[in-house]
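Shown next, in structure tokens, is the structure this report addresses.
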Protein chains: 2
Amino acid sequence: MKLSKKGEYALRALIDLGIAREVGRELVQVTELSDKELIPAKFLEQIMQELKAAGFVIAQRGKFGGYRLARPAAEITIGAVVRFVDGPLAPIGCVSHSAYEKCSCPDEEHCGLRMLMLDVRNAIAGILDRYTLADVVEVTLRKLRRDSLPLPFASARPAPGVRVKRVPVSRRSTSTSRRLAPVEGLLSELLPDYAI
Amino acid sequence: MKLSKKGEYALRALIDLGIAREVGRELVQVTELSDKELIPAKFLEQIMQELKAAGFVIAQRGKFGGYRLARPAAEITIGAVVRFVDGPLAPIGCVSHSAYEKCSCPDEEHCGLRMLMLDVRNAIAGILDRYTLADVVEVTLRKLRRDSLPLPFASARPAPGVRVKRVPVSRRSTSTSRRLAPVEGLLSELLPDYAI
DNA sequence: TTAAACCCTATCTGAATAGTAGGAAAAAGA
DNA sequence: TCTTTTTCCTACTATTCAGATAGGGTTTAA
């Protein structure tokens with residue numbers, strides 16, 4: 001039930017872009033991301049390329065260029081990213097919503113294993129499709145502030161002449177209408193506005 | 001978040017062995033299993049070998065031999081099987097209970113992604129470690145009976161001279177003390193004794 | 001004795017994973 | 001215009017793993 005390195009790197013980079021925006025940074029360069037997250041730079045470059053093609057990020061070429069999120073972090077679910085990079089969330093094809101595939105078993109309708117795996121896929125999707133980059137950004141920032149640690153991207157490499165504007169951290173990363181039932185979990189404890 | 005074919009085949013075979021026992025069959029041969037489930041016979045043979053080495057099944061060699069579960073189906077969790085065949089349930093090493101591995105990120109303690117993935121791993125483990133082969137067997141048999149379909153292994157290939165003893169289906173697959181909080185899910189609806 | 005089962009080891013193929021490498025094109029500033 | 005710094009693009013590679021296949025050896029019951 002693994003998430004690939006590529007998937008992990010993609011998520012980490014996107015979360016960083018979310019943090020950067022929250023801290024007032026417009027653009028972040030690949031090398032900054034790869035340095036911070038200890039990701040091979042050239043590999044991340046490729047990944048960012050794909051994320052751009054998929055519409056998750058927007059690139060600014062040339063000197064003082066970089067990447068930024070193409071949409072508000074609250075509108076990018078973790079599930080969408082994972083599906084794009086690693087394929088369907090479902091453990092087996094015959095319970096996938098996004099990429100159903102008939103399984104080899106003779107009678108899908110009476111397959112107990114399928115029921116079980118459907119529960120698993122629903123559990124996974126229930127989490128990954130509920131939470132967005134904004135949620136993860138919020139949790140991360142909250143933890144850093146709690147421990148009085150310096151925020152990343154805070155004033156690192158601001159493009160010369162660009163005044164760093166201190167954007168107040170948005171109270172609730174807004175938008176994303178909560179569409180599902182109450183959840184339990186570590187994240188929902190840290191994001192208490194969800195517990196309804 | 002895939003389950004490998006090998007993992008799927010292993011589970012299907014074990015579930016079949018559970019069904020067979022519930023229906024009064026002592027031993028089931030690899031070819032019966034591979035025929036029923038449309039699994040390449042030689043591949044399944046290998047898998048059964050490993051399941052034997054791991055103590056999930058017991059083999060009977062020679063003519064009219066076959067495999068049977070080494071323990072009551074209610075004492076074999078799905079999670080144990082999946083972990084054995086496919087490794088840890090956790091999407092990334094740094095949230096695995098059974099095989100923790102420090103991740104490359106610089107600060108695990110303040111990693112929002114890690115929190116999220118921990119929720120995912122708990123959700124997966126919460127299901128796969130809660131349900132046993134007995135549960136899946138029960139669901140499967142229930143569905144087959146509901147639709148008045150013939151039960152597999154019912155009287156297929158009984159060893160000559162072996163009187164098929166009609167074991168009454170055990171009321172609740174017994175034992176396995178329920179150790180966790182209430183769940184929701186498709187299986188728990190079909191196994192209502194769990195809904196507490 | 002023999003047929004039918006499991007047992008064991010080796011081998012193979014294609015795909016996926018996790019990168020590396022090297023330069024072209026663009027943008028900003030001097 | 002020229003240089004620097006960035007993204008963009010394409011190709012390549014090494015290793016592992018998935019998913020088998022092959023071919024016999026050993027055991028057991030009739």
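None of these values were measured; they are calculated from a predicted model.
Taking all atoms of both residues into account, the shortest heavy-atom contact from B:L17 to B:Y67 is CD2-O, 3.6 Å. Contact detail for B:L113 and A:I15: the closest heavy-atom pair is CB-CD1, 3.9 Å. Listed here is the closest heavy atom pair of B:S188 and B:G185: OG-O, 3.0 Å.
Pairs engaging residues 108-118 of chain B under the side-chain hydrogen bond (donor to acceptor under 3.5 Å, both in side chains) rule: A:D147-B:H110, B:Y100-B:E108, B:D107-B:H110 [sequence neighbours left out].
Remark: nothing in residues 81-93 of chain A comes within less than 4.0 Å of DNA chain D through any heavy atom.
Remark: B:S104 pairs with A:R12 by the side-chain hydrogen bond (donor to acceptor under 3.5 Å, both in side chains) rule, at least two apart or across chains. With sequence neighbours left out, the side-chain hydrogen bond (donor to acceptor under 3.5 Å, both in side chains) criterion links B:D16 to B:K36.
Regarding A:L27, its CG atom lies at a distance of 13 Å from the C1' atom of C:dA28, rounded to whole Å. Look at CG on A:L33: it is 13 Å from C1' on D:dT7, rounded to the nearest Å. Taking atom CD of B:E50 as the reference point, atom C1' of C:dC6 lies 15 Å away to the nearest angstrom. Distance NZ (A:K2) to C1' (C:dA16): 16 Å, rounded to an integer number of Å. Put simply, NZ on B:K63 is 4 Å from C1' on C:dA3, counting in whole angstrom units. Distance A:I58 CD1 to D:dC8 P: 11 Å, rounded to the nearest Å. Rounded to a whole Å, the CD atom of A:E26 is 14 Å from the P atom of C:dA28. B:I47 places its CD1 atom 9 Å from the C1' atom of D:dG19, with the value rounded to the nearest Å.
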Review point. Taking it one step at a time, do A:R25 and A:E32 satisfy salt bridge (charged side-chain N to carboxylate O under 4.0 Å, His left out)?
Key: CA-CA 12 Å; A:R25 278 289 289 285; A:E32 283 186 87; 2.8 Å; yes

**Study point:** Footprint string (nucleotides 7-12 of chain C, 5' to 3'): B base within contact, S backbone only, - free, heavy atoms under 4.0 Å
**Key:** BB-B--

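OP1 and OP2 of C:dA18 both lie 4.0 Å or more from every side-chain N or O belonging to A:Y9.
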N/O donor to acceptor pairs below 3.5 angstrom from side-chain atoms of residues 80-94 of chain B, sequence neighbours left out:
from: B:R83; atom 1: NH1; to: B:D129; atom 2: OD1; distance (Å): 3.0
from: B:R83; atom 1: NH2; to: B:D129; atom 2: OD2; distance (Å): 2.8
from: B:D86; atom 1: OD1; to: B:S4; atom 2: OG; distance (Å): 2.6
from: B:D86; atom 1: OD2; to: B:S4; atom 2: N; distance (Å): 2.7
from: B:D86; atom 1: OD2; to: B:S4; atom 2: OG; distance (Å): 3.1

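Taking for each of A:G62 and A:A41 the nucleotide of DNA chain C with the nearest heavy atom, the 5'-most of the two is the partner of A:A41.
The backbone N or O of B:E138 lies less than 3.5 Å from no partner atom in the side chain of B:R142, so there is not a single donor-acceptor pair.
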